[in-house]
Amino acid sequence: MRYISTRGEAPALGFEDVLLTGLATDGGLYVPESLPHFSLEEIRSWRGLPYAELAYKVMYPFVEDAIPADDFRKMLDETYSVFTHQAVAPLVQLDTNEWVMELFRGPTLAFKDFALQLLGRLLDYVLEKRNQHVVIMGATSGDTGSAAIEGCRRCEHVDIFILHPHQRVSEVQRRQMTTVQGDNIHNIAVKGNFDDCQRMVKESFGNQSFLGGKTQLAAVNSINWARIMAQIVYYFQASLALGGPDRSMAFSVPTGNFGDIFAGYLAKKMGLPISQLVIATNRNDILHRFMSGNKYEQHQLEHTLSPSMDIMVSSNFERLLFDLHGRDGAAVKDLLERAAKGPVSIEDYRWKHARKLFDSDAVDDKTTCDTIREIYEQNEYLLDPHTAIGVRAARNCRRDSAVPMITLGTAHPAKFPDAIAESGLSVKPELPAHMADLFEREERYTVLDNSVSEVQGFIARHWKNA
Ligand SMILES: *Cc1c(COP(=O)(O)O)cnc(C)c1O
């Protein structure tokens, strides 16, 4: 399978190169040139498969040129055996025909583990084969950093440096990053804010001379194709558990960068009957404003109780725009260049086409808290603030009560105790047993000044073969 850029100018690549590349050289994102398509009969035959085996069926067409089947199977077995539920992505019923899919049973308690646990193994496999080494450099304000660190801690060919803003991430989130032990893991607390961290990462990718030509940077942010690929699987899993593919499903997805919900869109294109996808956002609602009024316009960033969805633009939305424009890279390039300067719209028929599948809603902090409280009172079930936004949007946007509505449960409530407290509930979300001692574990991180040369100097001195 080959991968092409959404802006139509960068060279097509194979899986290995796409895995190691962030943005395409033309500024676009890589997507498969064509998607595998599964018949209903084939999907039906997957009923009852263990998660790792289903993952193999769904993903193998994407990687088959790069990885022999047995090696890929082994990688998937290892990846999903560290999850703490036998079903890996269990469903919990909220009401008649309404469900939450718990995607937080992995090592860092958020859905990002599904992709990043696999990504670490894929990277190490490909780097071993090529006898190469990479330095992963990333900035985090929340869940990505810890999931990436967990995913890479056993990698022999990867050193990972994660920047977080000093004293500006929650204690649970910081401890999840800084208590993972390993020679290749480096946490840097920058005396600045998240934007400062991001700027340093961007600048370093732009000029990697500080590494002396001896290694190269790699990215694990959500534009990495392999992350999207791994997220397609659980849409199939949920559907098969609830009577699919012989009935269609609706999904509501707490959305930030549009990675998770784009995977659902791909599942549909690969043959899974999905009749509705709900884009659930917080007050950072650029996608909701686009879906409701065909106007794509950046607003100021707002800080909310659902920090993992605090974004101004959703990078993966470009992948949907590419399809909506008949895969015309030049049209996407033109649209996004105009969007960087001011509000843009797309042709009405294209927008209406998107609206056939997608609905959207924006949920503010107060309604998030009300929803956490309401679901707890109805079911004694505690939602994290991101999932609560998904559930609220699902209820507001539902088209057909005969179609099962599944909200993606993106994080464990214990990661966000402040939102639970703010919702007025007196229950305290408990960390799962494997993390109960998080607050006693030894932390390791280095505080550095808000200076790119200081951070680059630190990386240059500390990667394995430096
Ligand atoms: C990352 C994240 C999201 C947003 O996912 P996208 O793929 O960026 O849309 C939602 N909820 C939680 C808890 C997350 O960590």
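In listed order, ligands and their atoms are each counted from 1. Keep in mind that what you see is a predicted model, and the values were worked out from it rather than measured. The first residue in the sequence is number 1, and the count goes up from there.
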Over 12 non-hydrogen atoms of neighbours within 6.0 angstrom of CD in Gln181: yes
The criterion is ring-ring contact (aromatic ring centres under 6.0 Å, His included); which residues satisfy it with Tyr30, sequence neighbours excluded? none
Walk me through it: do Phe317 and Tyr296 pass the test ring-ring contact (aromatic ring centres under 6.0 Å, His included)? CA-CA 11 Å; Phe317 193 55; Tyr296 190 75; 5.7 Å; yes
Who are the ring-ring contact (aromatic ring centres under 6.0 Å, His included) partners of Phe322, not counting sequence neighbours? none
Should the pair Tyr235 and Phe251 be assigned to parallel (<30°), tilted (30 to 60°) or perpendicular (>60°) ring geometry? perpendicular
Pairing residues for Lys269 by the side-chain hydrogen bond (donor to acceptor under 3.5 Å, both in side chains) criterion, not counting sequence neighbours: Asp323
Please tabulate, one line per pair, the protein N or O atoms found under 3.5 Å from any N or O atom of ligand 1, giving the distance to one decimal.
from	atom 1	to	atom 2	distance (Å)
ligand 1	7 (O)	Gly259	N	3.2
ligand 1	7 (O)	Asp260	N	2.9
ligand 1	8 (O)	Asn257	N	2.7
ligand 1	9 (O)	Gly256	N	2.8
ligand 1	9 (O)	Asn257	N	3.2
ligand 1	9 (O)	Phe258	N	3.1
ligand 1	11 (N)	Thr410	OG1	3.0
ligand 1	15 (O)	Lys112	NZ	2.5
ligand 1	15 (O)	Asp143	OD2	2.6

